[in-house]
Amino acid sequence: MITSERMAAVDANAEALGVPRKQLMESSGNAVAQAVRDVAEPGARVVVVAGRGNNGGDAFVAARFLDGYDVSAHLLGRAETITTDIARENWTALQQGEYEIEEVRDSTQLSLPEADVIVDAMLGTGVTGALREPAASAAEAINTSSGTVVAVDIPSGIDADTGEAAGAAVEADHVVTFHDEKPGLDSVDADVTVADIGIPAAAELFVERGDLRSLSREPESHKGDHGTVLVVGGGPYSGAPALSAQAAFRAGADLVYVATPESVADAVAGYSENLIVEALPGDRLAPVHVDTLLALAEDVDAVLVGPGLGDAEGSLDAVGEFLGQFDGRVVVDADPLRTVPGVETDADLVCTPHQGELAAMGGPREEDWRDRADAVETFAEDIGATLLVKGAHDIVSNGERTRVNRTGNPGMTVGGTGDVLAGITAALVTALDDPVQAAGIAAYANGRAGDLAVEDHGYGLVATELPPLVADALWGDRDE
Ligand SMILES: NC(=O)C1=CN([C@@H]2O[C@H](COP(=O)(O)OP(=O)(O)OC[C@H]3O[C@@H](n4cnc5c(N)ncnc54)[C@H](O)[C@@H]3O)[C@@H](O)[C@H]2O)[C@@H](O)CC1
Ligand SMILES: [K+]
């Protein structure tokens with residue numbers, strides 16, 4: 001099962017992996033033609049009713065694969081208003097190939113010829129809401145026609161994610177859907193065929209550019225809409241929590257607070273005027289601070305615990321007590337990671353260990369990244385947390401779904417890059433409801449920032465260079 005949002009991301013990932021959408025469209029159209037051949041003998045009359053998006057584009061391709069049939073294609077709208085280049089190119093190919101085509105400019109002009117097969121390619125996964133004209137009238141015409149209806153991807157008018165129809169919808173006999181089942185097809189009374197259109201499995205497994213689509217924002221946004229983060233760290237160190245906080249900002253958080261022992265609070269605040277610093281009495285995090293942390297944590301969307309916190313027993317105990325009483329979203333990094341397996345918590349945890357820290361948590365050690373991915377999935381399920389295990393291949397899993405990130409380079413073994421990653425992760429778990437997606441994109445962005453830094457500085461990169469590049473990685477349009 002795949003949602004339309006996820007499908008769009010996977011499709012864009014395929015493009016990033018060298019399989020452009022137009023190639024997928026060729027496969028989709030070929031699969032639609034096969035479905036037509038399955039229901040009608042050569043010579044049969046086939047009427048294609050197409051919308052102006054890629055759903056229509058698939059059917060223009062199908063027409064080319066139906067030599068021997070009596071095919072006509074009817075575009076709902078003017079050809080100049082076809083919404084994508086690839087659909088337009090395929091329309092033009094029909095024009096130049098002397099196929100029988102027609103532009104239907106409004107519903108009064110709509111009169112479908114008698115047909116043995118009608119291909120419904122008006123609207124696919126790109127659409128929600130009730131069908132507008134002339135599509136609504138066309139749906140009625142298709143439903144009253146005696147021909148067999150083959151729908152492309154989803155019957156037009158049906159929401160691919162919910163199966164609901166907000167108004168008129170096509171009643172299809174057959175549906176050819178692409179790549180994977182759509183949730184909305186469950187409630188559709190038709191034969192459904194899932195066509196493999198050649199999307200590489202890597203487009204689902206690896207985090208790629210297409211995944212960044214999930215970060216798109218509503219134009220009407222207010223301060224605080226995009227997440228507030230509390231970083232709990234520092235004591236023996238001051239740079240780490242500051243780096244995490246800067247990275248969280250660059251990954252889109254609106255406000256970032258740092259709770260840190262007063263011994264380093266001024267140092268942390270001194271790195272940047274963007275940070276709001278809460279000084280905790282003393283020079284190490286300790287159990288006496290837990291009530292303060294819980295109060296601060298109430299007011300933010302996610303907490304990051306660990307950067308520069310050290311491994312003093314009292315600090316680790318404090319983290320354990322905090323997790324025992326907190327039920328929000330928490331990212332855990334560095335020394336406190338080892339406390340996680342022993343803690344009963346209602347918090348939504350994302351843990352960001354490197355492989356040594358994973359072993360200290362009682363997790364698996366596997367050389368090969370594929371074996372590691374399997375083992376991390378099992379371990380994530382055991383401990384009931386999302387894991388982001390850092391490495392040349394970063395592995396993200398919640399025990400059910402597993403993603404792998406390949407960005408990054410050997411220059412990132414320099415100190416502080418993990419603090420940056422933890423900060424990005426905290427910001428993204430506030431922006432996305434899905435911790436696996438958030439951690440996957442965080443790993444992608446951190447690695448990509450590292451790759452951009454290497455372009456500028458070679459392996460002399462340092463972690464403070466990464467946060468601004470995180471913003472480029474997430475929202476910039478620098479070429480790959
Ligand atoms: N991996 C993928 O995502 C692939 C998608 N493909 C095809 O692309 C389709 C999605 O294409 P698009 O994203 O271009 O979207 P659609 O083709 O589903 O719909 C977009 C068109 O619908 C119009 N529209 C929007 N709301 C409407 C309404 N309520 N009433 C009437 N018209 C409305 C828009 O103006 C636009 O012309 C899929 O269903 C599938 O058929 C395939 O070509 C290849 C792979
Ligand atoms: K359709």
Side-chain angles (χ1 to χ4, degrees), residues 2-17 19-33 35 48-62 75-91 104 106-107 118-139 142-143 149-161 164-182 184-185 188 190 192-200 203-204 210 213:
I2 192 164
T3 62
S4 42
E5 185 187 325
R6 189 72 207 130
M7 186 69 203
V10 167
D11 176 75
N13 285 353
E15 175 118 40
L17 296 172
V19 185
R21 204 169 210 214
K22 193 169 179 191
Q23 231 165 297
L24 299 178
M25 183 173 274
E26 197 72 8
S27 305
S28 303
N30 197 345
V32 171
V48 169
V49 186
R52 296 177 294 119
N54 284 341
N55 197 245
D58 294 342
F60 303 149
V61 173
L75 169 65
L76 302 184
R78 286 177 295 114
E80 307 86 84
T81 63
I82 291 177
T83 51
T84 70
D85 290 345
I86 54 174
R88 189 175 317 104
E89 286 159 17
N90 279 307
W91 173 258
V104 180
D106 63 64
S107 49
I118 300 190
V119 175
D120 158 35
M122 296 193 290
L123 298 171
T125 54
V127 160
T128 49
L131 289 187
R132 293 191 299 263
E133 290 299 349
S137 298
I142 291 171
N143 292 343
V149 178
V150 175
V152 177
D153 210 14
I154 183 103
S156 299
I158 303 282
D159 185 302
D161 293 326
E164 278 159 24
V170 168
E171 290 154 18
D173 300 300
H174 301 270
V175 180
V176 185
T177 199
F178 308 123
H179 182 64
D180 200 351
E181 295 257 5
K182 311 291 152 26
L185 285 171
V188 167
V192 175
T193 309
V194 178
D196 181 348
I197 56 171
I199 292 177
E204 297 228 38
R213 295 172 60 104

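Atoms considered below: every heavy atom in the structure, side chains included; atoms not considered: hydrogens, waters and symmetry mates. Atoms within each ligand, like the ligands themselves, are counted from 1 in listed order.
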inquiry  = Is Ile154 close enough to the K ion (ligand 2) that one of its N, O or S atoms comes in under 3.4 Å?
reply    = yes

ask   = Who's the nearest protein heavy-atom neighbour of atom 16 (P) of ligand 1, and how far?
value = Gly124 N, 3.8 Å

task = Write down the atom of Val170, the atom of Ala139, and the distance for their closest heavy-atom approach.
result = CG2-CB, 3.9 Å

ask   = Does Ala8 come within less than 4.0 angstrom of ligand 1, counting non-hydrogen atoms of the residue?
value = no

note = Short version for Asp153: what comes under 4.0 Å of ligand 1, heavy atoms counted, is side chain

query = Just which atoms of ligand 1 are under 4.0 Å from any heavy atom in Asp58?
reply = 6 (N), 7 (C), 40 (C), 41 (O), 42 (C), 43 (O)

request  = Mark up the atoms of ligand 1 that fall under 4.0 Å of a heavy atom belonging to Ala130, in ascending order.
outcome  = 28 (C), 29 (N), 30 (N)

ask   = Got a donor-acceptor contact below 3.5 angstrom from the Asp161 side chain to the Ser4 backbone?
value = yes

inquiry  = One thing to verify: whether Lys182 and Asp153 come together as a salt bridge, which I'm taking to mean a side-chain N less than 4.0 angstrom from a carboxylate O.
reply    = yes

Residue pair Leu24, Phe178: steps toward the side-chain contact (heavy atoms from CB on, under 4.5 Å) verdict = CA-CA 9 Å; Leu24 299 178; Phe178 308 123; over 6 Å; no

key: Trace of the side-chain contact (heavy atoms from CB on, under 4.5 Å) decision for Arg21 with Asp11   = CA-CA 7 Å; Arg21 204 169 210 214; Asp11 176 75; 2.5 Å; yes

request  = May I ask you to list the atoms of ligand 1 that are less than 4.0 angstrom from any heavy atom of Thr83?
outcome  = 36 (C), 37 (O)

note = When rounded to the nearest 0.5 Å, the distance separating CE of Met122 from CZ of Arg52 is 13.0 Å

key: Closest non-hydrogen atom pair between Arg88 and Ala79, with its separation   = NE-O, 4.1 Å

note = Exactly one of Ile86, Thr83, Thr125 clears side chain to side chain contact (heavy atoms under 4.5 Å, CB included) with Asn54, and that residue is Ile86

query = In terms of residue, atom name and distance, what is the protein heavy atom nearest to atom 44 (C) of ligand 1?
reply = Ser28 OG, 3.5 Å

request  = Quick one: pull up CD1 in Ile158 and CG in Leu123 and give me the separation to the nearest 0.5 Å.
outcome  = 11.5 Å

request  = Write the atom name of the N, O or S atom in Asp120 that is nearest the K ion (ligand 2).
outcome  = O

ask   = Counting heavy atoms only, which part of Asn54 comes closer than 4.0 Å to ligand 1: side chain, backbone, both or neither?
value = both

key: For atom 17 (O) of ligand 1, closest protein heavy-atom neighbour   = Asn55 N, 3.0 Å

ask   = Any N/O/S of Val152 under 3.4 Å from the K ion (ligand 2)?
value = yes

Nearest-neighbour protein heavy atom for atom 26 (N) of ligand 1, which is reported as residue plus atom name and distance = Val127 CG2, 3.6 Å

inquiry  = My understanding is that we take every heavy atom of each candidate and find the minimum distance to atom 4 (C) of ligand 1. Doing that for Val32, Ile199, Asp11, Val152, which one comes out nearest?
reply    = Asp11

message = Under the criterion side-chain contact (heavy atoms from CB on, under 4.5 Å), I'd like the reasoning laid out for Glu89 against Met25: C-alpha separation, chi angles, the key distance, then a yes or no.
response = CA-CA 11 Å; Glu89 286 159 17; Met25 183 173 274; over 6 Å; no

query = Does atom CD of Glu5 have more than 12 heavy-atom neighbours, drawn from other residues, nucleotides or ligands, at distances under 6.0 Å?
reply = no

inquiry  = Just to be sure I'm reading this right: ignoring hydrogens, which of His179, Arg52, Met122 gets closest to atom 34 (C) of ligand 1? Compare them by their nearest heavy atoms.
reply    = Arg52

request  = For residues Pro155 and Leu185, determine if any side-chain heavy atom of one lies less than 4.5 Å from a side-chain heavy atom of the other.
outcome  = yes

ask   = N/O of Leu123 under 3.5 Å from N/O of ligand 1, yes or no?
value = no

ask   = Would you say Arg21 touches ligand 1, if touching means a heavy atom closer than 4.0 Å?
value = yes

ask   = How close does the nearest protein non-hydrogen atom get to atom 31 (C) of ligand 1, and which residue and atom is it?
value = Arg132 N, 3.5 Å

N, O or S from Met122 under 3.4 Å to the K ion (ligand 2) = no

Per-atom contacts of ligand 1 with Leu131, taking only distances under 4.0 Å to non-hydrogen atoms = 30 (N)

task = Give a yes/no answer: is there an N/O/S atom of Leu123 under 3.4 Å from the K ion (ligand 2)?
result = yes

inquiry  = What verdict does the side-chain contact (heavy atoms from CB on, under 4.5 Å) test give for Ile82 and Leu75, after you've listed the backbone C-alpha separation in whole Å, the side-chain angles of each residue and the deciding distance to 0.1 Å?
reply    = CA-CA 9 Å; Ile82 291 177; Leu75 169 65; 3.9 Å; yes

query = Would you say Ile86 contacts ligand 1, with heavy atoms under 4.0 Å as the rule?
reply = no

key: Ser156 OG and Asn55 OD1 subtending at the K ion (ligand 2) (10° steps)   = 100°

Side chain, backbone, both or neither: Ile197 near ligand 1, heavy atoms under 4.0 Å = side chain

Taking atom 10 (C) of ligand 1 as the reference point, the nearest protein heavy atom with its distance = Thr125 OG1, 3.6 Å

query = So, does Gly57 sit close enough to ligand 1 that a heavy atom of it is under 4.0 Å from the ligand?
reply = no

task = Could you grab the distance from atom CD of Glu171 to atom CG of Asn143, nearest 0.5 Å is fine?
result = 4.0 Å

task = Flag Gly126 as yes when one of its N or O atoms lies below 3.5 Å from any N or O atom of ligand 1, and as no otherwise.
result = yes

Residue of the set Asp120, Leu76, Val104, Val119 for which side chain to side chain contact (heavy atoms under 4.5 Å, CB included) holds with Val49 = Leu76

query = Hey, what do you get for CD (Glu15) to NZ (Lys22), rounding to the nearest 0.5 Å?
reply = 12.0 Å

